Amino acid sequence: MIQLKSPREIEVMAAGGRILADTVAYLREQVAPGMTTLELDRLAEEFIRSHDGAIPAFKGLYGFPGSVCTSINEEIVHGIPSAKRKLAEGDIISIDVGVGYQGFFTDSATTVPVGEIDETSRRLLAVTEQALEAGIAAATVENHIGDIGAAIQKVVEDAGFSVVRDLVGHGIGTEFHEEPQVPNYGKPKRLMRLTPGLTIAIEPMVNVGSPKTRQLSDRWTIVTVDGARSAHFEHTVAITEEGPRVLTRPQR
Ligand code: MG
Ligand code: MG
């Protein structure tokens, strides 16, 4: 069922979204060669809980052990923070974070270079972020869910990369994952009409090589089948009459 939010509820999500935006910005600054993904997880949990009433939404969600998902290089999403996993110069790390605040959730992800990265990785990060922005720009009341996916897919495929199809964005609110699904591919004017009060996580996952995925034996981590790198950028967005409102955008 689609849960539309009232203007008051969207303000609550925006307040949680600001905490999440600050968390993501803080974690981006912390990433450095030599640190473990568990250290990043601890920093995230401490930072989120330092805000009164805010909780790390991933902790325990479907049984996930961490406060963030940390996915390195060919790992697409759902990587488990680990004391054994050290970041190395040249890696890229996708950090996916959720915050719960006053009964509502927000969701955001970013991919961060670890020190100097190669040219293809730099382009992958730039294109994935551009694809997210194109998807957000398409999230208007004149459009449908399919317009978001079409906009994302065009940016990605024009750049010669591929869109992951096995994982999609989603509605978000009192539940972390709500209807509707928000694919990162598709055709304009297809799927649900975008309605004021709809709140969705738009989250392109973009691969350098094949779009195909597989799950590791840890039952969480999703990787590319060909071992090529993948990036992930995500914002929580409210559909309003005035246009898309990004609830997890960092304040400058
Ligand atoms: Mg996320
Ligand atoms: Mg999400």
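Count residues from 1 along the sequence. The model shown is predicted, which means the values in this text are computed figures rather than measured ones. Numbering of ligands and ligand atoms starts at 1, following listing order.
No donor-acceptor pair under 3.5 Å is formed between the side chain of T248 and the backbone N or O of G17.
With respect to S94, the side chain to side chain donor-acceptor pair (under 3.5 Å) criterion is satisfied by exactly one of N73, T128, T111, T70: T111.
Excluding waters, the protein N/O/S atoms found under 2.8 Å from the Mg ion (ligand 2) are D107 OD2, H170 NE2, E203 OE2, E234 OE2.
In this structure, I93 CD1 and S71 OG are separated by 7.5 Å, a value rounded to the nearest 0.5 Å. Here the CG atom belonging to L167 is positioned 6.0 Å from the NE2 atom belonging to H78, to the nearest 0.5 angstrom.
With respect to the salt-bridge test (charged N to carboxylate O, under 4.0 angstrom), the residues E11 and K5 do not qualify.
Residues passing the side chain to side chain contact (heavy atoms under 4.5 Å, CB included) test with E157, sequence neighbours excluded: Q153, R165.
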